[in-house]
Amino acid sequence: MTKYIFITGGVVSSLGKGILAASLGRLLVSKGYKVSIQKFDPYINVDPGTMSPFQHGEVFVCDDGAETDLDLGHYERFINTDLSQINNVTSGSVYQTVINKERRGEYLGATVQMIPHITGEIKSRLIQATKKDNPDILIAEIGGTIGDIESLPFIEAIRQFRTEIGHGNSMSIHVTLLPYLPTSGELKTKPSQHSVNVLRSYGIQPEMLVLRTQVPIGKNEKDKLALFCSVNKDCVIECKDMNTIYEVPIYLENQGITKEILKILNLEDREAKLADWEELIYAIKHPKKEATIGLVGKYTELNDAYISVVESLKHAGFKNSAKINIKWIASDNITTYKEAEEILSDVDGILVPGGFGTRGIEGKLKVIKYARENNVPYLGLCLGMQCAVIEFARNVAGLNNANSTEFDKTTEYKVVDLMEEQKNILGYGATMRLGSYPCKITPNTKAHQAYQADIINERHRHRFEFNNEYKEILTQKGLVISGTSPDGLLAEIVEIPKNDWFVACQFHPEFKSRPQNPHPLFLGFIDAVLNQK
Ligand code: GLN
């Protein structure tokens, strides 16, 4: 029978509940348990796919094409498992299911209500996630902060669910913040006490507290919280700010967190096999080299917008004992080639990630021209490939003002155009080319060298594509198409062989990189960067 861990947060948002869920997952896996993780997001959007990255950070894409919360990226990276649509539940998707059922007459005669219908659907999602992966332990993270109106149905569903599955089969972990007052040198416990009181008022007594803090928590504060919140003293766990998120599992385990969890869940404690994770931390903490990558995008004010890209760069760095620094460059600040030259003069590699819309495109094209002409290693992801094609068409193939029809519908040279299957689609939600598709790699290319494989599978999220009408002229001028869909019709990877590393792909390799298994294209890119240094 699956056991359940429910993680809620209090006092403030952005406490790192996702990293905590992922870290617990990692630790329980290291003790030989099969773990799955599910995120519940209280917003009404059916999925985050229609939200601006400024609102909610990156949209993480799973193999099955689910557009999900960025926490799923942490989960996949920490527990090294591919997740899917059922691992991300939103209020919007719950309401949508219930309202569709009502319209089909499935509740005929009944008044459809928050309890039991919405809460029932939430519980059914827990069961669906359990049935899909059949884990020993399912960790469910509830987004938002305790006390929010939005998350109430989720909390109520958990309360019911916990009662239904019986004592000893689930636990509640509440994550809060202990604010530090530098003037008096004190950590304050009161906001956490109040937050636990609110959780209890909903019928949930947490078995464990995880406390985010800037400074170590003294025994006094821990004992006080244990007493006021009715939590066992050994279950008051400190979670200090760490230099790297990958250190969090070890930091928690050093306090015996999984021993306590397994006791509460009536599961046997086992030896944690963490040697490989400790090796990873050692590599992270003892870099022998350093390199700076210019990350050129339009959402650079919010680093979370590119979180998987940043993590993937770091993973490739770990493997090379190299520290990767990111220089964030807002593409709309670059209006001339000279500005691009200046801003890029101190970077060792350039990455243009995915994106949507016209803002910042001309800046990206100047950056790519700089990378191409100066043989600076370049990695383009999705929009970063489309822009590389546009730049090459304009400045190498002489197709003046070549463009993507996403940015200029009237351009004479539509080198990037809407995919055929996209032309009749009207709505925006979950309608892109999404999820994992196979790609055939051309022998004797940088891509082939990197992957060491003829067929690979990568995750996609786009509407536009390389226009094959320009294949001949662009390839004659030296662009190589090094990856295509198996039928040869969609260009998936392009490269410029003349350069040390100029590779751009239509898919999103960043969603498949893992700390202990960096993605081949990121490795190839970072290798080239370090070789040039
Ligand atoms: N806007 C482009 C498209 O829809 C690129 C998408 C992306 O970078 N994810 O094709």
Side-chain angles (χ1 to χ4, degrees), residues 47-63 65-68 70 73 295-300 302 304-310 312 331-332 350-365 367-368 378-391 393 402-409 411 414-437 439 458-468 470 483 485 489-494 503-513 519 521:
D47 62 45
T50 53
M51 274 188 243
S52 155
F54 282 130
Q55 292 280 315
H56 213 256
E58 159 190 287
V59 175
F60 186 81
V61 181
C62 297
D63 273 344
E67 295 175 276
T68 71
L70 60 82
L295 204 157
V296 189
K298 75 187 244 199
Y299 314 108
T300 46
L302 183 75
D304 266 2
Y306 301 109
I307 187 138
S308 291
V309 175
V310 173
S312 303
S331 49
D332 32 6
I350 296 171
L351 191 151
V352 175
F356 297 83
T358 313
R359 183 170 71 83
I361 293 296
E362 292 303 318
K364 286 178 187 163
L365 296 175
V367 162
I368 295 170
Y378 175 75
L379 181 61
L381 310 177
C382 204
L383 180 66
M385 166 176 142
Q386 297 173 354
C387 286
V389 169
I390 297 168
E391 192 282 324
N403 217 330
S404 162
T405 48
E406 183 178 4
F407 319 124
D408 179 3
K409 287 201 172 51
T411 174
K414 302 174 165 67
V415 290
V416 175
D417 200 3
L418 203 56
M419 280 183 284
E420 209 41 53
E421 70 214 50
Q422 285 286 330
K423 290 193 173 148
N424 297 319
I425 291 177
L426 295 175
Y428 276 111
T431 53
M432 283 186 249
R433 179 175 183 240
L434 286 167
S436 185
Y437 286 92
C439 165
E458 292 285 0
R459 300 180 187 175
H460 295 70
R461 183 171 187 253
H462 64 117
R463 293 183 204 282
F464 293 80
E465 63 166 323
F466 177 93
N467 183 349
N468 281 327
Y470 295 92
S485 52
L489 293 181
L490 293 176
E492 293 273 24
I493 313 177
V494 300
V503 178
C505 51
Q506 185 54 76
F507 46 79
H508 290 273
E510 70 270 25
F511 297 142
K512 287 184 73 168
S513 181
H519 190 282
L521 291 184

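In each ligand, atom 1 is the first atom listed, and ligand 1 is the first ligand listed. Residues take their numbers from the sequence shown, with the count starting at 1.
- Listed as neighbours of ligand 1 are Gly354, Gly355, Phe356, Cys382, Leu383, Gln386, Glu406, Arg461, His462, Arg463, Phe464, His508, each bearing a heavy atom under 4.0 Å from the ligand.
- The only member of Lys512, Glu458, Glu510 that meets side chain to side chain donor-acceptor pair (under 3.5 Å) when paired with His519 is Glu458.
- In terms of heavy-atom proximity, Tyr306 sits nearest to Glu58 at C-OE1, 4.0 Å.
- Side chains of His462 and Glu406: no donor on one and acceptor on the other come within 3.5 Å.
- Using cut-offs of 30° and 60° on the angle between ring planes, the pair Phe60 and Phe511 is perpendicular.
- Contact check for Leu418 versus Arg463: side-chain heavy atoms found under the 4.5 Å cut-off.
- No side-chain heavy atom of Lys364 sits under 4.5 Å from any side-chain heavy atom of Gln386.
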